[in-house]
Structures are given as C-alpha cells and as structure tokens.
K.L.:
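Input: one structure, supplied below.
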Amino acid sequence: MLTEEDITALEHDATLRPPVVSFYVNTDRGTPEGERYLGALRHLLQIADRTLRLRAPENGEQERALLHTVITPKLLAFLEEHVESLPTARSVALFTSVGGSQRDVPLRAFSLPRQLRSQVHVDERPYVRPLQFLLDQYERVAVLVADRNHARLFTLYLGEIEESAEWKGDAPPRHDQGGSSQKRFQAHVDDHIFHHIRAAVTDATARIRRLSTRRMILGGDDEARGLLRSELPDDLRALLVGEFSAAPHASLHELRERAMEIATRAESEDEAATIVHFRNALARHRRAVSGLSATLEAITERRALALLVKKGFHAAGAICPNCHALLPTRGLCPHCRAHLTPVEDVVAHALEHAAADNAQIEFVAESADLEALGNIGAILRY
Ligand SMILES: [Zn+2]
C-alpha cells in the first residue's frame, strides 16, 4: 500500500536523474480506457518523446534514444506482466529517468487501488501529485464493528478495506424464562458482553494507535455501539466521524460500502471547513492569500500553514536554481537576478515545498469559491 514515506522516498530518489518521466496509466479493466492500457501507455510514450524534443534540443537526441530503445520495451513488458498478475490494480504509476546511461535505467512502480487519469509528465523531479491526492482523499480510517459475541477491526485505506483483528466473546444465548432467576441470568449475560467489548476495545485501541489514523467509525447493533462508545478512550473517541448499523459477520463488501459512505462524507466536510477558514482569513486581509502569484510568494517565504489546491489545477511557471524561489513567469529571478528554470507544473513544486515545510495540503475536489479565487490559495502562519 502506498504511504507518505513512499512519496518522500520517491521525491528524494537520487537514481531518478532529470529529466524524470512520470507515467500514470489507468488499468481498471472495468472501463474502456483501462481495457486498452497498453495502447494508452504507447500513446503516453509518444507524448513524452515530443516533450523531450521540445524541452532541451541539445540533449534531446540521446534522451529520446533511451526512451525508445530501453524504456519503451521495459515499461510495456512490466505493465503487461504486472496488470495480468494483479487484476485489482486500477491504475499504475511508473517513474523513470532519461538522464542516465543505457545500462542502468531506474524504474519505480506503484500499483494503486483507485482509478487515475492516464497522463505523462516530463520534469526535473517525479510528478507525485496524483499520489498525494490519493493519500489526501483516502486517509486511513479505523472501523470497529461489534455485536454481543463478536468484534472485528478493519482499516479502510485508499478505498479498500483490510481486516486487522477479530475477537470472539463467550456470552451465552439469551433465554426467556421470566422471574428472578431470569434477571440474574441476564445480569450474567450482560457481564459477558461487557467483558467481551472491553477486551476488544483494549486490544483495538493499541492497534489503532499504532496506525496513523485520523478517523474512526463504529459499526454494530445499538447495544454494542453504545458499549464501544463508552469504552473507547478519549483520544479515539475524538476521531469518531460516524456509525452504522451492521452485523460484524456481514460481508467485507457490505462493511466497506457502509464505512466508505461515512468516510467520504467526513472528508468533504473537512474540506468545506478548510475552505470556510480560508475565506474568513482572506476577508481579514492578513492570514491568507489566493491566486497563483501570491500563493507562490507565500510558499517561497515559507509562510504557508495550509495550501489549498483545486484538484487537477496545474500551471507552467519557473523555479530559481539559486534561491529556490517559485514564480508564475519565466525570465530573471526578482530576488537574486539568476536565470529562472522553466517548469511544466509550478504547482507541483509548490506542493513539494509546502510539504517540506509541514504545511497542511488540501486538494479540493469541487469548490466554486476556490475556482473564483484562482484555483489555489494558502492560509498563512503569520
Ligand atoms: Zn532567485
């Protein structure tokens, strides 16, 4: 499974010498595009070839020769084998470099459980934005489902559900005899249920704390959910974003659907809250900026606390090789007068800088507000 550490390692991978060619291929065979994934990759290779030719005519021939003789057969063979052996991969990300020698062409690949648009990017660094978007949209969610005799813990990650633990209780079945012996018996049963839930929560708590999860969902019948809620420690209760009614022995498919619905809603509520915060800060004329130029300036000055980017927004720009300033236009650096290096997507660089400064990154799927403000903005630290 893709992690934040994978993306950081990719960004700092020294074997990926510039120019780096980043491919995303939709391999979801439930879709017409995904069916033709090898054709899609061939098409992306043609685009990469054209980009290399236009980009740097002096090295272009050598880079393109590498692309045709080594990289093309290698990627086609890799993708075919990979997709055949892993039918659940709904898209594949591939990173390679045409800046090295024939003998040692690096290839980094990630199989992704979500569909991504097929695309190719040629740039100084790996183009990791679709990966960041996936991680941002699909944070790890813990799902704890229980009834009187059974409890299961799942994690929901990148839209897939994975089981991590299961507990069985030993409450005897309920009888319906009436009278005082029934009351005593019922108290005895309740005691078993309580201990079963308490043991499950104690073990689940340790497991959930080890995962870096920011959300949690409870499932089960009313009685079990009430017990789970009251047994959860405060730090986990603070992560709760919803509950659903389902039996712990329901199918993984059903549990996934129920949990996904809640997780998706929680994510869009978070997004909406960030936008409200952003708009309020903008209205106070101090703690926020909007539009490409002002946002790049804030990131260059390392003042961004949070960076908001409309999903899919990108823009050509430039980066200063001397002072690392990010700019929307080419030419000379306004800070140090060095010649700026043009980049295909300056937003990708802005995201890298923001991530390196521990700014929160929020990819906004749908927001007329953000679009009207230039598709990008930042909440500032000061
Ligand atoms: Zn500069």
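If you read the sequence from its start, that first residue is 1, and numbering goes on from there. Below, all heavy atoms of this structure are taken into account, side chains as well, without hydrogens, waters or symmetry copies. Read the numbers this way: they start at 1 and go in the same order the structure lists the ligands and their atoms.
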K.L.:
Verify side chain to side chain donor-acceptor pair (under 3.5 Å) between S251 and R256, making sure each step is shown before the conclusion.
P.N.:
CA-CA 9 Å; S251 71; R256 175 187 169 279; over 6 Å; no
K.L.:
Is a side-chain donor-acceptor pair under 3.5 Å present for R258 with S245?
P.N.:
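Short answer, no.
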K.L.:
Closest heavy-atom contact between L94 and A109?
P.N.:
CD2-CB, 3.7 Å
K.L.:
Do R287's NZ or CZ and the ring of Y382 fall within the cation-pi criteria of under 6.0 Å and 45°?
P.N.:
no
K.L.:
Only pairs at least two apart or in different chains count here, so list each salt bridge (charged side-chain N to carboxylate O under 4.0 Å, His left out) that has a residue in residues 235-248.
P.N.:
R209-D235, R225-E243, R229-E243, D234-R237
K.L.:
Keeping to distances under 2.8 Å, can you name the protein N/O/S atoms close to the Zn ion (ligand 1)?
P.N.:
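Result, waters dropped: C320 SG, C323 SG, C333 SG, C336 SG.
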K.L.:
What class does the angle between the rings of H121 and Y24 fall in, given that below 30° is parallel, 30 to 60° is tilted and above 60° is perpendicular?
P.N.:
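Ring orientation of H121 relative to Y24: perpendicular.
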